[in-house]
Amino acid sequence: MSATADVAARLERLESAAQIRELAHRYALALDSRDIDMLVGLYVDDVWVTRDRSGRAAMREVVSDTVMREVGLTILHVGNHVIDFDGPDHAHGVVYCRGEVQTDEDTFISQAIHYGDTYARRDGRWYFTRRKHILFYGVEFGRRPVDLPPANWPEHHTGKGLLPEMWPSWQDFWGPVQTD
Amino acid sequence: VDDDIEARVARLEALEEIRQLASRYALALDSRDVATLASLFVSDVRTGDGGQGREALARWFDPILRPYTTTFHLIGNHVIDFVDGEHATGIVYCRPEHEVGSEWIVMPMQYWDRYEREDGHWYFRSRRPFAFYAADVLAQPLAAPGRFHFPGNPMITKAELPERWETWRTFWERPVT
């Protein structure tokens with residue numbers, strides 16, 4: 001009996017990991033195809049959208065008015081996905097994505113993106129509770145992503161992002177900036 | 001419990017852990033988290049310079065990770081083959097980008113991996129990187145001699161794929177029928 005319960009729990013963990021991976025893939029598909037229903041359905045129903053607004057209705061408004069409308073063709077190619085469980089119903093993860101984005105009539109850029117995610121399981125299904133988009137860089141095609149001004153995303157789609165410098169391990173590795 | 005069911009769950013767990021290894025490696029590399037990077041390998045891992053163990057590996061990695069500033073290791077395809085319940089091999093595709101001075105080097109490559117189970121968890125036994133090419137993001141990838149332009153890379157110095165594949169060589173040596 002307890003052996004059965006153990007195997008069932010292990011299977012459930014595997015199903016959780018598979019569902020969480022799907023969240024990242026569906027997010028990309030929903031954004032690229034402008035499927036707003038799919039997108040908001042990936043989040044918990046009480047998701048925080050802005051400092052003082054929460055819920056899927058608020059998210060629908062904000063996403064369709066900004067994120068989805070201010071760009072044209074988008075191709076979000078998702079790669080790496082690290083998943084860490086914080087309990088049976090909570091997890092966090094990191095997703096890498098290489099985005100290609102039309103930001104203007106004739107401007108096409110590429111972005112190296114890191115999503116910092118938290119996930120929660122509600123009624124047997126996994127959802128995003130938060131998804132933080134952090135840039136390495138965004139750059140126009142035909143240009144090198146070096147010596148870029150700060151992107152200060154979401155203010156600008158192109159520019160230098162916060163990574164890798166914001167990683168504490170990055171700062172530890174390189175040590176204090178040499179001043180000599 | 002049905003032993004067969006338990007074995008099938010264990011196999012899926014192994015696949016999941018091994019897939020996670022590849023993502024964790026890229027994240028640790030890009031964030032220069034050398035301790036985490038070394039923790040992904042078996043405890044008696046052998047280093048490229050004859051050392052052994054995770055601390056030796058962390059020391060070995062340190063200079064390897066300094067010739068570039070920003071790096072972005074985007075991985076994709078992952079093939080996993082089990083040798084037995086404790087050993088597996090795998091191949092991971094990766095499209096890393098490296099900031100090297102004023103250049104931005106892209107180097108499509110594969111990792112040829114060996115995995116091993118230790119104390120109930122899976123680790124890298126070894127990882128061997130093989131590049132298809134290396135080129136600045138604005139350059140034509142095949143323009144550089146040997147399709148390889150990556151100044152100062154201490155570990156990878158040439159493009160070895162696809163020629164390294166025996167199937168590739170055999171295919172092209174065969175006369176047209």
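For the numbers below, each heavy atom of this structure counts, side chains included, while hydrogens, waters and symmetry mates do not. Order of the sequence lines sets the chain letters (A, B, ...), proteins ahead of strands, with each chain counted from 1.
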Which atoms of [X] come close to chain A, meaning under 4.5 Å heavy atom to heavy atom: side chain ones, backbone ones, both, or neither?
{"X": "B/Ser102", "value": "backbone"}
{"X": "B/His78", "value": "neither"}
{"X": "B/Leu15", "value": "neither"}
{"X": "B/Asp62", "value": "both"}
{"X": "B/Ala10", "value": "both"}
{"X": "B/Val34", "value": "side chain"}
{"X": "B/Leu138", "value": "side chain"}
{"X": "B/Glu13", "value": "both"}
{"X": "B/Thr71", "value": "backbone"}
{"X": "B/Arg66", "value": "both"}

For chain B, which of [options] has the most heavy-atom pairs under 4.5 Å?
{"options": "A/Gly142, A/Ala18, A/Pro168", "result": "A/Gly142"}
{"options": "A/Ala8, A/Gly79, A/Ala112", "result": "A/Ala112"}
{"options": "A/Pro164, A/Cys97, A/Pro145", "result": "A/Pro145"}

Non-hydrogen side-chain atoms of [X] and [Y] separated by less than 4.5 Å:
{"X": "B/Ser43", "Y": "B/Glu118", "answer": "yes"}
{"X": "B/Phe132", "Y": "B/Glu160", "answer": "no"}
{"X": "B/Asp113", "Y": "B/Thr89", "answer": "no"}
{"X": "A/Thr74", "Y": "A/Glu100", "answer": "no"}
{"X": "B/Trp104", "Y": "B/Thr70", "answer": "yes"}

Salt bridge or not between B/Arg117 and B/Asp84? Use side-chain N to carboxylate O under 4.0 Å.
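Between B/Asp84 and B/Arg117 there is no salt bridge, as every charged N stays at least 4.0 Å from the carboxylate O atoms.
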
Less than 4.0 Å between a side-chain N and a carboxylate O, is that true for A/Arg144 and B/Asp136?
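Yes, this pair counts.
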
Where on [X] is there a heavy atom nearer than 4.5 Å to chain B: the side chain, the backbone, both, or neither?
{"X": "A/Arg143", "value": "backbone"}
{"X": "A/Tyr96", "value": "both"}
{"X": "A/Phe141", "value": "neither"}
{"X": "A/Trp167", "value": "side chain"}
{"X": "A/Val82", "value": "both"}

Do other residues, nucleotides or ligands put more than 12 heavy atoms under 6.0 Å from B/Arg46 CZ?
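Open.
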
What are the two closest non-hydrogen atoms of [X] and [Y], and how far apart are they?
{"X": "B/Arg164", "Y": "B/Leu161", "value": "CB-CD2, 3.9 Å"}
{"X": "B/Tyr115", "Y": "B/Gly90", "value": "CE1-N, 3.5 Å"}
{"X": "A/Val146", "Y": "B/Gly101", "value": "CG1-O, 4.4 Å"}

Best-contacting candidate, B/Glu103, B/Arg95, B/Arg8, B/Glu99, against chain A by heavy atom pairs under 4.5 angstrom:
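When all of B/Glu103, B/Arg95, B/Arg8, B/Glu99 are compared, B/Arg95 has the most.
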
Among B/Asp33, B/Ile75, B/Leu65, which has the most heavy-atom pairs under 4.5 Å with chain A?
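Most heavy-atom pairs under 4.5 Å with chain A: B/Ile75.
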
Do the two ring centres, one from B/Phe124 and one from B/Tyr25, sit under 6.0 Å apart?
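Ring centres of B/Tyr25 and B/Phe124 closer than 6.0 Å.
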
